[in-house]
Number of protein chains: 2
Amino acid sequence: MNSRLVTIKLSGDKGTPVYQQIKDAIRAKMQSGEWQAGKMIPSENQLADSLNASRMTINRSLRELTAEGLLKRVHGLGTFVAEPPRHAHLVKLVSISDEIKQQGKQHSSQLLSVETVISDAELSERMQLAEKTPVYKVVLVHSQDSVPIQIEIRYVNPELVPDFLEVDFTETTPAEHLIKSIRPDELEHIVQAIMPSTFIAEHLDIPATEPCLKLRRRTFKGQRVVTAVDLVYPSSRYDLGARYAPS
Amino acid sequence: MNSRLVTIKLSGDKGTPVYQQIKDAIRAKMQSGEWQAGKMIPSENQLADSLNASRMTINRSLRELTAEGLLKRVHGLGTFVAEPPRHAHLVKLVSISDEIKQQGKQHSSQLLSVETVISDAELSERMQLAEKTPVYKVVLVHSQDSVPIQIEIRYVNPELVPDFLEVDFTETTPAEHLIKSIRPDELEHIVQAIMPSTFIAEHLDIPATEPCLKLRRRTFKGQRVVTAVDLVYPSSRYDLGARYAPS
DNA sequence: GAACTCAACTTGTATATACAAGTGATCTGA
DNA sequence: TCAGATCACTTGTATATACAAGTTGAGTTC
């Protein structure tokens, strides 16, 4: 009788559904590292017993987490923590911190610089601004469980986001702030394969011989460019991906 | 008494779950244009009655279709057909020959190999097939005005496309044939930056030091993989891009 | 007419129950 | 020893039932 109790605690939050609390609790287990990839988690019946929920409710939680790619279920065998599939959504407008947290990992970012630059010809073209006008620029490194995973080089239109430099980027990421404050209505991106510059290789902690993905993105409000950003990923650590129905 | 019967027909296919048949039937309604975007669809109770299924089963179908973005539900009001998201390019299922011709260039392709391979563990996983089953494989080089621009390494599910090897690939590309013969309803892709293998570098006529984009794509019909393909582009000659409205 | 109540719908969640079917270990018999 | 049956587990699906909660429109009252 090895029926050690399952040590899961629900938030008990009135107002959030039970199946959601269960999902959150399981995500937390994975995030904390207590449930590593490959581990078999308690069965539906065990969870139902120890959480005082019906098996159908447990089933819904596990089924949804499986659809989200966090769990893997084998008929007749059990439920296991999935290998994290390391890809980012190409299509959705999500901030990298959300994406990392979704996978049960820890996100952190380091602000490398904040400044106002005067646009040259190329940047003016890209931002659709007159030449030699001021543009805000920030550079950050994003890490997943302390491993650098993305460099963000972002330019922001000061006319549309005048308060941008006052944001505390230790609290929120630039992308989060921009999505929240300006609701962009159009999005453009281009993907390229590049060799990293020494600056990038250094901050991503990769050899200069390792290819990187560069996601060059612009978001628009009306016809005007809100922000233009280069997101550089080391290919060994992250892919970009998407799944959807074709038109 | 405006209780016109709901004219939905299930496949009745023993072996596929009822909730899945219902999802397929609803997708078909939308695909045929009978249920346009914005239309309110029958309520759970109406569907349950006319399909002889329990409301919980209907609920599961509708909930999953909502998660997939095909439906929109409003508490207390009803269920509606969602607006189709418009995305482009990276997102659309277009064959490279169309894309090249679109730009007013000349497309040509060279067939490097056609064969039947026996799936190993990795390929089986990717194709969602049992291990050590036969899979069709073709390799081509696509050129734009005689400059090689893409290598296509494609695997095809023989169960779903048994006639694949009989197609004349000097006439049509594999992608064209697959889009036309099987109308896939789901698409997944992952973008990576890679260094080319010597095989790839040779056929793309690039130095082995030039990074490439690898677009790894799978298309689905129902829940089954129709085809899995790697498309490798030399970064100096081609970018991938898209522009659309965020959700 | 305006405000309020209420009934009739909708979706959202939670439960108990049932059976099918896959997996792996153990037992059984030749 | 080996092959097969059986059992104890697992997930997968389907159902009936129940109540909560949001929305709308019809009816009532002032």
Side-chain angles (χ1 to χ4, degrees), chain A residues 1-4 6 10-26 38-82, chain B residues 1-4 6 10-26 38-82 128 130-131 222-224:
Chain A
M1 273 311 160
N2 191 2
S3 75
R4 196 169 61 81
V6 183
L10 301 188
S11 70
D13 179 10
K14 217 83 169 175
T16 69
V18 179
Y19 80 90
Q20 186 62 52
Q21 292 181 39
I22 295 173
K23 287 176 67 178
D24 292 342
I26 292 176
K39 177 191 161 64
M40 179 170 165
I41 76 170
S43 74
E44 293 189 351
N45 281 317
Q46 288 173 31
L47 287 171
D49 281 351
S50 64
L51 295 180
N52 274 315
S54 121
R55 195 196 137 207
M56 282 309 291
T57 303
I58 306 287
N59 180 271
R60 174 168 180 182
S61 303
L62 297 187
R63 188 150 38 77
E64 291 191 4
L65 287 172
T66 303
E68 291 167 26
L70 296 184
L71 294 178
K72 208 174 159 180
R73 316 196 75 190
V74 183
H75 190 175
L77 240 185
T79 304
F80 306 84
V81 177
Chain B
M1 269 312 160
N2 192 3
S3 74
R4 197 169 61 81
V6 183
L10 300 189
S11 70
D13 178 9
K14 217 84 169 173
T16 69
V18 179
Y19 80 91
Q20 185 63 51
Q21 292 181 40
I22 295 172
K23 286 176 67 179
D24 292 342
I26 292 176
K39 177 191 161 62
M40 178 170 166
I41 76 169
S43 74
E44 294 189 351
N45 281 316
Q46 288 173 32
L47 287 171
D49 281 352
S50 64
L51 295 180
N52 275 315
S54 119
R55 194 195 139 210
M56 282 309 292
T57 303
I58 307 287
N59 179 273
R60 174 168 179 182
S61 302
L62 298 187
R63 189 150 38 78
E64 291 192 4
L65 286 172
T66 303
E68 292 167 26
L70 297 183
L71 293 177
K72 211 178 155 175
R73 317 197 75 192
V74 184
H75 190 175
L77 237 186
T79 305
F80 306 85
V81 178
Q128 293 177 5
E131 222 167 305
Q223 298 304 309
R224 305 173 70 194

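Throughout, a chain's letter reflects where its sequence line sits, starting with A, and its residues are numbered from 1.
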Taking the nucleotide of DNA chain C with the closest heavy atom to each, which residue, A:V74 or A:R55, is nearer the 5' end?
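Of the two residues, A:R55 wins.
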Assign each of A:L77 and B:I41 to its nearest nucleotide of DNA chain C by heavy atoms, then name whichever residue's nucleotide is nearer the 5' end.
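Nearer the 5' end of the strand: B:I41.
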Any ion pair linking A:E64 and B:R63 (charged N to carboxylate O, less than 4.0 Å)?
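A salt bridge links B:R63 with A:E64.
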Return the set of residues passing side chain to side chain contact (heavy atoms under 4.5 Å, CB included) with A:A25 (not counting sequence neighbours), or none when no residue passes.
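Only A:I8, A:L10 meet the side chain to side chain contact (heavy atoms under 4.5 Å, CB included) criterion with A:A25.
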Spacing of B:R73 atom CZ relative to D:dA21 atom C1', expressed in whole Å:
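Rounding to the nearest Å, CZ of B:R73 and C1' of D:dA21 are 14 Å apart.
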Between A:G76 and A:M56, name the one whose nearest nucleotide on DNA chain D is closer to the 5' end.
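The residue whose closest nucleotide sits nearer the 5' end is A:G76.
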In Å, rounded to the nearest 0.5 Å, how long is the span from [atom1] of [X] to [atom2] of [Y]?
X	Y	atom1	atom2	value
B:Q20	B:R60	CD	CZ	8.5 Å
A:S61	A:L71	OG	CG	10.0 Å
A:N59	A:E44	CG	CD	4.5 Å
A:T57	A:L51	OG1	CG	10.5 Å
B:L65	B:I22	CG	CD1	10.0 Å

Bounds of contact between DNA chain C and chain B, in 5' to 3' order, using a heavy-atom cut-off under 4.0 Å:
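The contact span of chain B on DNA chain C goes from C:dT10 to C:dA14.
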Is there side-chain contact between B:E68 and B:K23, with at least one heavy-atom pair below 4.5 Å?
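A side-chain contact exists here, since the closest heavy-atom pair is under 4.5 Å.
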Under a 4.0 Å heavy-atom cut-off, which of residues 57-68 of chain A touch DNA chain D?
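Residues of residues 57-68 of chain A that come under 4.0 Å of DNA chain D are, in numerical order, A:N59.
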